[in-house]
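Basis for what follows: all heavy atoms, side chains included, without hydrogens, waters or symmetry-related copies. Every number for a ligand or one of its atoms is a count from 1 in the order of the listing.
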Amino acid sequence: MDYLIEPFSRKLNRERFDCGEDSLNFWLMSQSGQQEKRGKTKTFLARRDTENNVVGYYSSVIAQVEASDSAQLLGVGTGRYPVSAVLIARLAVDTKQQGNGLGSRLLVHALRGAVAISEHAGLEVVIVDALNTDAMAFYRRYGFASFADDPLRLFVTLKQITASL
Ligand SMILES: CC(C)(COP(=O)(O)OP(=O)(O)OC[C@H]1O[C@@H](n2cnc3c(N)ncnc32)[C@H](O)[C@@H]1OP(=O)(O)O)[C@@H](O)C(=O)NCCC(=O)NCCS
């Protein structure tokens with residue numbers, strides 16, 4: 001059994017997805033389709049290669065870190081101008097599949113996507129909004145650091161990503 005990570009498709013079954021966080025389940029079920037259609041977020045879906053059910057996903061969007069916050073970022077920004085970013089707005093794995101490395105695979109997929117974007121347009125950081133301190137600990141394992149005034153918002157620089165991938 002292997003996992004496949006694919007661009008959003010209505011052909012995959014999102015109904016059974018349960019990561020243990022209602023807000024993330026609800027968003028996938030009820031909002032991801034419209035968001036995709038309007039080009040507001042890009043979502044990638046994970047499934048087992050033998051099944052049609054979604055077992056993981058992430059969604060991301062282009063964002064800016066305000067100048068006041070950019071001064072906090074390691075080696076980027078001057079504190080005078082906003083910093084361009086990819087925001088991983090949501091990332092989740094079905095409870096039955098947690099602990100199998102899928103969360104890590106989804107994160108690496110998202111980071112590789114950011115690197116691809118950075119080869120075509122200016123991009124300095126990837127940021128994530130962790131739901132809680134558990135999720136924060138997950139991101140910290142991958143080199144993300146918290147913003148000083150909001151520990152649940154974390155960032156990693158493109159330089160760090162390209163050095164580690
Ligand atoms: C957080 C989440 C995405 C992790 O997914 P997962 O598939 O279980 O994670 P993986 O199996 O890829 O784990 C990768 C590594 O992170 C570690 N890890 C997993 N969850 C962790 C957590 N909450 N805190 C700290 N470390 C964690 C694992 O032990 C593993 O370490 P290892 O490589 O040394 O073995 C998943 O638990 C989840 O969907 N939770 C509910 C939703 C959520 O909180 N999303 C996060 C952001 S909004």
Checklist entry - Can you find a protein heavy atom closer to atom 2 (C) of ligand 1 than 4.0 Å? => result no
Item to check | Interfacing atoms of ligand 1 (cut-off 4.0 Å, heavy-atom, Ala135) | outcome: 44 (O), 46 (C), 47 (C)
Item to check | Nearest neighbour in protein (non-hydrogen) for atom 40 (N) of ligand 1 | outcome: Gln98 NE2, 3.6 Å
Checklist entry - Can you tell me which residue and heavy atom of the protein come closest to atom 41 (C) of ligand 1, and the distance to 0.1 Å? => result Cys19 O, 3.6 Å
Item to check | Identity and separation of the nearest protein heavy atom to atom 39 (O) of ligand 1 | outcome: Val93 N, 2.8 Å
Item to check | Gly101-ligand 1 polar pair, N/O distance under 3.5 Å | outcome: yes
Item to check | Polar proximity ligand 1 side, Gly103 side, N/O cut 3.5 Å exclusive | outcome: yes
Checklist outcome for this item: min-distance protein heavy atom vs atom 34 (O) of ligand 1 -> Arg141 NH2, 2.5 Å
Checklist outcome for this item: The closest protein heavy-atom partner of atom 24 (N) of ligand 1 is Asp134 O, 3.3 Å
Checklist entry - Any luck finding a side-chain donor-acceptor pair between Asn52 and Asn13 under 3.5 Å? => result no
Next on the checklist: Would the distance check show the side chain of Asp129 and the main-chain N or O of Arg90 forming a donor-acceptor pair, the cut-off being under 3.5 Å?
Outcome noted: no
Checklist entry - Got a second to check how far Ile88's CD1 is from Thr41's OG1, nearest 0.5 Å? => result 13.0 Å
Checklist outcome for this item: Of Tyr58, Phe138, Tyr139, the one whose closest heavy atom lies nearest atom 20 (N) of ligand 1 is Phe138
Item to check | Top protein contact for atom 15 (C) of ligand 1, by heavy-atom distance | outcome: Tyr142 OH, 3.4 Å
Checklist entry - Is it true that Asp94 and Arg48 make a salt bridge, defined as a side-chain N closer than 4.0 Å to a carboxylate O? => result no
Checklist outcome for this item: Nearest non-hydrogen protein atom to atom 8 (O) of ligand 1, with distance, is Gly99 N, 2.8 Å
Checklist entry - In the protein, what heavy atom is nearest to atom 42 (C) of ligand 1, and what distance, to one decimal place, separates them? => result Leu24 CD1, 3.5 Å
